[in-house]
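In what follows, every chain begins at residue 1, and chains take the letters A, B, ... in the order their sequences are listed.
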Amino acid sequence: MSINFSTSIAGRFFPTPIFTASGCAGSGKELSQFFPLTSLGAIVTKSIMIKPRSGRATPRMAETPSGMLNSIGLQGPGIDLFLENDIPWLRDQGARIIVSIAGESVEDYAVLARRLRSVQGISALEVNISCPNVENRGQVFACDPATAADAISAVRRNIGGELPIIAKLSPDVTDIVSIAKSVVDAGADGLALINTLLGMVIDTNSMLPKLSQKTGGLSGPAVRPVAVRAIYQVRAALPEIPIVGMGGVTSGRDAFELVLAGANAVSIGTATFGDPLAAMSITRELEEIVEARGFNNFSDAVGYAHRMEQV
Amino acid sequence: MSINFSTSIAGRFFPTPIFTASGCAGSGKELSQFFPLTSLGAIVTKSIMIKPRSGRATPRMAETPSGMLNSIGLQGPGIDLFLENDIPWLRDQGARIIVSIAGESVEDYAVLARRLRSVQGISALEVNISCPNVENRGQVFACDPATAADAISAVRRNIGGELPIIAKLSPDVTDIVSIAKSVVDAGADGLALINTLLGMVIDTNSMLPKLSQKTGGLSGPAVRPVAVRAIYQVRAALPEIPIVGMGGVTSGRDAFELVLAGANAVSIGTATFGDPLAAMSITRELEEIVEARGFNNFSDAVGYAHRMEQV
Amino acid sequence: MINSKAASIKAELISNKKAGSYHHMVFSVGELAAHCKPGNFVAIKVGGPTSAMVLRRAFAIYRASMRSDGMGLLELVVAPHGNGSKWLAAQEAGSVIDLIAPLGTSFGIPVQPVNALLVGGGYGSAPLFALAETLKQRGCRVDMVLGASTAAKIYAPLEGKRSVNSLTITTDDGSAGTLGRVSDVLGQLIKENEIDVIYSCGPMAMLQAITEISTAHDVVHQCSVEESMACGIGVCMTCVLPVEGDDGVVRMTRTCVDGPVMDGNKVLWSSSREIPDGVWGK
Amino acid sequence: MINSKAASIKAELISNKKAGSYHHMVFSVGELAAHCKPGNFVAIKVGGPTSAMVLRRAFAIYRASMRSDGMGLLELVVAPHGNGSKWLAAQEAGSVIDLIAPLGTSFGIPVQPVNALLVGGGYGSAPLFALAETLKQRGCRVDMVLGASTAAKIYAPLEGKRSVNSLTITTDDGSAGTLGRVSDVLGQLIKENEIDVIYSCGPMAMLQAITEISTAHDVVHQCSVEESMACGIGVCMTCVLPVEGDDGVVRMTRTCVDGPVMDGNKVLWSSSREIPDGVWGK
Ligand SMILES: Cc1cc2nc3c(=O)[nH]c(=O)nc-3n(C[C@H](O)[C@H](O)[C@H](O)COP(=O)(O)OP(=O)(O)OC[C@H]3O[C@@H](n4cnc5c(N)ncnc54)[C@H](O)[C@@H]3O)c2cc1C
Ligand SMILES: Cc1cc2nc3c(=O)[nH]c(=O)nc-3n(C[C@H](O)[C@H](O)[C@H](O)COP(=O)(O)OP(=O)(O)OC[C@H]3O[C@@H](n4cnc5c(N)ncnc54)[C@H](O)[C@@H]3O)c2cc1C
Ligand SMILES: Cc1cc2nc3c(=O)[nH]c(=O)nc-3n(C[C@H](O)[C@H](O)[C@H](O)COP(=O)(O)O)c2cc1C
Ligand SMILES: Cc1cc2nc3c(=O)[nH]c(=O)nc-3n(C[C@H](O)[C@H](O)[C@H](O)COP(=O)(O)O)c2cc1C
Ligand code: FES
Ligand code: FES
């Protein structure tokens, strides 16, 4: 007999807890050549902004020990073309869709929420607040409890009652728990942890930063211990909030580690670059491990590493 | 003809820019079996506290992808035995000594500074402020500009005019530049960047955190991009301050990367665990690279990756 | 869109031989070989199971063929450069390698016979020999120019040389052929041989230089570009170049799915580290 | 202090043979072999040059010998467990391995002949055979108990068995010897053979159980402990156990330099994840 491997995030049902991570699966078209998108818990689309965006100049990436830096700069077609092309295609595939949005001002987030509130076939909104706020000296929204809450409230006020909001947090903060509490108070129904860490690589031949924009986001197995710590801390502080965990997951074992720390679902990012089928093998391995450890329901394993503290 | 490979930190001279990292070389005795300590630029001793300290329970470490977690908990003999045993021994070896100190209160730092101010044969004091402040709900000194400055001022007021103070900062902050400025204003003569990142590993067999105290400090090549970024940012903001860089250096190439970012000297931590002779091979390789890139003086390479911005 | 034939397989390494500065490596890939066209590339997992390298490496397909016994062969020319390529070049026959192929676009083959000039820099000559054969079969005249820093970095196997009408070699140090760069000899070759189309593969600076010449002489220029790629399958957006589309709009375009073979005259070459003005979404 | 003979060398792997669940591996280490004593361990770099594994792995020395032709051999018994040991066990003869040896303390050898009981769990039997030979040469009576979860995890080579007066085997599943744990049979063996000293090596829970029995029977107990080690040379402080010193003070003591062989009766065994009360500096 097989286990109940489904999960739910803010009342939405997903048949498996393995998602793609925003920016690491495009809008699903390319991956659909390797597996049917319906076998994912959900596809989280690349963060979309209001207008088309060229992103940053190349080089946009550098490999690092057990990880990589990227500085894509949110290249994308803008919300209009996205809604015209990507969403209908994904709906046709029967995929469960989580749309990630990003803005440069509080108003941007409000506008995006209004554009998305009545779109059919979306399971949730992931709000990427690791973006520079042009109205506040380019300071990243996710780096301050107040500006993070401003972005989330703007979405909350404009989204209507239907669509759950998942706030995606940055680990580059002194106290991630205070940011988590702040966005939950502002109306987030769930949290996504973690976005990339700010890093830099210098090319020792040219003796200049390798990325055109100097800094980039660090992802991959290298950051997994930071992700596990962030998820564990936030789960301990907010026992009831749904968490989508991510950061360096490449195997079922890794996904299970994030689940034990408190993740209700796990997104796969960088691992897909090493193996287009990563999400599928991770799904299979995770189900095996959860069952082998004696759980009948996936959800019983969520946060299980906290059990000693609950006594 | 060979290059001038020496460096200076706050007026102190070091024949080579490769140091050991605090906590990764003990007090030098064990490494001296593998090479003479005089071939190091300096040995930075394990952070010492006022009293003897047992540290944390085991397990105290977990390997992670391209890195490791540790939670030693500052085990050590206390300042009295340290001054009685370790310093005289190191002096006898002819080693250049940087003493790292750690405290749980501002007063602790003051006391340690007074104990060290008239000790002969020390080149500098490294002040580890990544310690929980018992007087402030256990918040880590290095996580707040004000408390970080409090610890450094306490040392400044008590150290006298002789010994340079190097403040060691934590990368686990929203804005490392503001902390750097704050401790420099408080009297730090130099900065050490970076201490470990807070991380966690969960044992997927026991389904509990692997370390007895749950979280630990992440070090090793995995964190190098974070170290390079932190050093680059601080060097850009404070062009004149001496920086001792560290974080994931395992080769001359890696050390050179930190130097280009702005480090005047580079400390070797985790790499020593993989290879007791790491500091020696890194010294050799770094000298070769600096020379191959056409520098006559090591110090000309410091911060060279910033040259485009200086135009 | 991603190459519709792309598949992820474990392929046995059949042979690995040193050739000058390079390694000529042959893999058994079964039916996949039938789908590989000149210009396509493969993405290879490097470093083994506990490697610190998380990304695949891209390699142009040197040759792909179905043997009469049904075995499909895929051949690469690998330059041991950094950690990933050194690892690959050190693998021994019998090793099983994780690869995705075929990826990306291929060189467009003219329907009518034309005069083609093939230009390769370093290991960039790899995809040109299979292309030369195809062009020859279509009745084209094929001239070739290969350049490199030094003689050992010219990859030009004997059987490859046979399939071209002329082969010109340039080296930066003059250790083989003409002293200089490929761009130094192009103008004359274009005129002498009445070239209709240039096919090129090599470092980006070389492709840019060729584009200037091809524009000046008003010849078609298909080039295989090489941007750093994290995924190779179109999902990460790291590998982009500003390229003018059919609608006249310049977009940051993925070279792994809309390349590596692109119309050189449509690429906005730039050595600055900034997005050129006029690019969509700047 | 660190073993004064410790040196870092590149050693050729001479042979690697499967033995039950384990791999018996032989390295050529030159003169170093002469300095290795029963109980010492080696620290091995795993995973190759681009590995994500940054720490060495510790292995007890199974046997070390100088051959008459001057070749020094070092033998290990490796259990393929996680990534590091699996990598090591997969290395083939001819590979060159980076190792540091000898490290740590060794078993104390009595000056007078005594009755010794050697107790090993799993691969913990590895260092006991060389010890048995040494004790025999000193005229001791040597009895041995080996325990494991199942028969394949008992490591007891034929030549090893010859050097003991009696060998008792226990397995958790009863697939070999007595069903049960080594601690179940110890009391009787101590009495029957009038044991003076117990030498043990194996999982920490086993060592704790043996300590309880050795204390009850008032026999000396030298055990080789196994704590997670990051450096193996005394600089990191990860490998500590609370151990009572000669001055009666219990300190968190490094098992890589003041161990792995320790006086079991002086270790404050504890299964809790807290520093026991009374430890210096708590
Ligand atoms: C479409 C395409 C075709 C290629 N064809 C060949 C070929 O036929 N033969 C061959 O030897 N190499 C080829 N390369 C280059 C190859 O993919 C590797 O980048 C190169 O071998 C260096 O990788 P490394 O692991 O040795 O170096 P590392 O320095 O370890 O590489 C680190 C990262 O930087 C990237 N990188 C480094 N150099 C380059 C480069 N010149 N171009 C793009 N990315 C780079 C790597 O892919 C890797 O992600 C091709 C690249 C592309 C994009
Ligand atoms: C003094 C000493 C002697 C040893 N002798 C032997 C021997 O003779 N034969 C043998 O097969 N193994 C021996 N071990 C265990 C060996 O060092 C490795 O820990 C074990 O092989 C697992 O490593 P891994 O890389 O396969 O597992 P991983 O899970 O990849 O290891 C990850 C990390 O955890 C540590 N770790 C994991 N399991 C253990 C363990 N049981 N004890 C201590 N650290 C652990 C590893 O050293 C490594 O740092 C000994 C350990 C010590 C400390
Ligand atoms: C190339 C790349 C692009 C990314 N783009 C986005 C993005 O658009 N929006 C977002 O919220 N996160 C983005 N991320 C972050 C990932 O979604 C994820 O949070 C992070 O990479 C950690 O997970 P991983 O280690 O599994 O990759 C991106 C990551 C990478 C590597
Ligand atoms: C086992 C261990 C113990 C450490 N102890 C200390 C310490 O006592 N004081 C301190 O300032 N830093 C300590 N550190 C941090 C290192 O000095 C260094 O800042 C960090 O490990 C990053 O460098 P690395 O990647 O080269 O190890 C310790 C690190 C490790 C791995
Ligand atoms: S390499 Fe990922 S999109 Fe091209
Ligand atoms: S393993 Fe580092 S001190 Fe023992």
Side-chain angles (χ1 to χ4, degrees), chain B residues 20-21 23-35 46 49 51-78 208-214 216 219-222 248 250-251 269-278, chain D residues 1-9 43-47 49-57 82-84 98 100 103 204 225-242 249-257 270-282:
Chain B
T20 57
C24 302
S27 285
K29 286 211 182 65
E30 295 79 12
L31 289 187
S32 72
Q33 186 161 332
F34 293 92
F35 57 83
K46 166 105 192 134
M49 304 188 75
K51 297 215 183 111
R53 197 163 149 116
S54 65
R56 291 175 169 179
T58 56
R60 288 178 170 185
M61 77 107 179
E63 199 184 46
T64 68
S66 296
M68 67 174 284
L69 289 185
N70 87 80
S71 71
I72 308 301
L74 294 170
Q75 176 173 351
L208 286 172
K210 196 142 182 177
L211 304 183
S212 71
Q213 302 302 302
K214 296 183 228 160
S219 63
T250 63
S251 67
T270 306
T272 295
F273 307 162
D275 179 4
L277 287 155
Chain D
M1 268 307 286
I2 179 169
N3 190 309
S4 64
K5 306 295 183 186
S8 174
I9 64 160
I44 297 190
K45 210 168 181 134
V46 289
T50 63
S51 172
M53 295 182 282
V54 299
L55 303 175
R56 285 176 186 259
R57 302 297 191 264
N83 285 331
D98 185 334
I100 303 176
L103 290 169
M204 300 290 266
V225 302
E226 188 183 311
E227 262 297 342
S228 292
M229 294 179 176
C231 75
I233 59 164
V235 295
C236 75
M237 309 300 286
T238 59
C239 63
V240 297
L241 271 182
V249 177
V250 179
R251 295 183 181 78
M252 296 305 284
T253 305
R254 291 167 299 176
T255 62
C256 68
V257 288
S270 141
S271 46
S272 88
R273 298 171 132 217
E274 274 166 34
I275 300 272
D277 287 331
V279 169
W280 193 59
K282 189 190 177 182

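Only the side chain of B/Leu277 comes within contact range of chain D, with heavy atoms under 4.5 Å apart. Proximity to chain B (any heavy atom under 4.5 Å) is shown, for D/Lys282, by both the backbone and the side chain. Neither the backbone nor the side chain of B/Thr20 comes within less than 4.5 Å of any heavy atom of chain D. In this structure, chain D has no heavy atom under 4.5 Å from any part of B/Lys214. If you measure heavy-atom distances from B/Lys51 to chain D, you find no contacts under 4.5 Å at all. Contact of D/Ala6 with chain B is made through backbone and side chain together, with heavy-atom distances under 4.5 Å. Both the backbone and the side chain of B/Pro77 come within less than 4.5 Å of a heavy atom of chain D.
D/Glu274 contributes atom CD, which lies 7.5 Å from atom CD of B/Gln213 (distance to the nearest 0.5 angstrom). Within the model, atoms CE of D/Met237 and CE of B/Met61 stand 14.0 Å from one another, a figure rounded to the nearest 0.5 Å. Taking CD from B/Gln33 and CG from D/Asn3, the interatomic distance works out to 7.0 Å, rounded to the nearest 0.5 Å.
When the candidates B/Pro59, B/Gly220, B/Pro276 are compared by the number of heavy-atom contacts under 4.5 Å with chain D, B/Pro276 comes out ahead. Here B/Pro52 is the residue among B/Pro52, B/Gly76, B/Ala222, B/Pro221 with the most heavy-atom pairs under 4.5 Å with chain D. Among the candidates D/Val46, D/Ile100, D/Leu55, the residue making the largest number of heavy-atom pairs closer than 4.5 Å to chain B is D/Leu55. Options B/Thr58, B/Leu211, B/Asn70 differ in how many heavy-atom pairs under 4.5 Å they form with chain D, and the most are formed by B/Thr58. The candidate with the highest count of non-hydrogen atom pairs below 4.5 Å against chain B, out of D/Pro276, D/Gly234, D/Ser51, is D/Gly234. Ranking D/Ala52, D/Ser228, D/Gly84 against chain B, the residue ahead of the rest is D/Ala52, based on heavy-atom pairs under 4.5 Å.
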Would you sort out whether B/Gln75 and D/Arg254 count as a side chain to side chain contact (heavy atoms under 4.5 Å, CB included), showing the intermediate values? CA-CA 11 Å; B/Gln75 176 173 351; D/Arg254 291 167 299 176; over 6 Å; no
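Partner B/Ser54 forms a side-chain contact (heavy atoms from CB on, under 4.5 Å) with one of D/Val240, D/Val250, D/Val279 and no other, that one being D/Val279.
Scanning for side chain to side chain contact (heavy atoms under 4.5 Å, CB included) contacts around D/Arg251 gives D/Asp247, D/Val249, D/Thr253, D/Trp280, with sequence neighbours left out.
What you find for B/Ser66 and D/Val54 is that their closest heavy atoms are C-CG1, 3.6 Å.
Side-chain contact between D/Thr238 and B/Phe273 is absent, with no heavy-atom pair separated by less than 4.5 Å.
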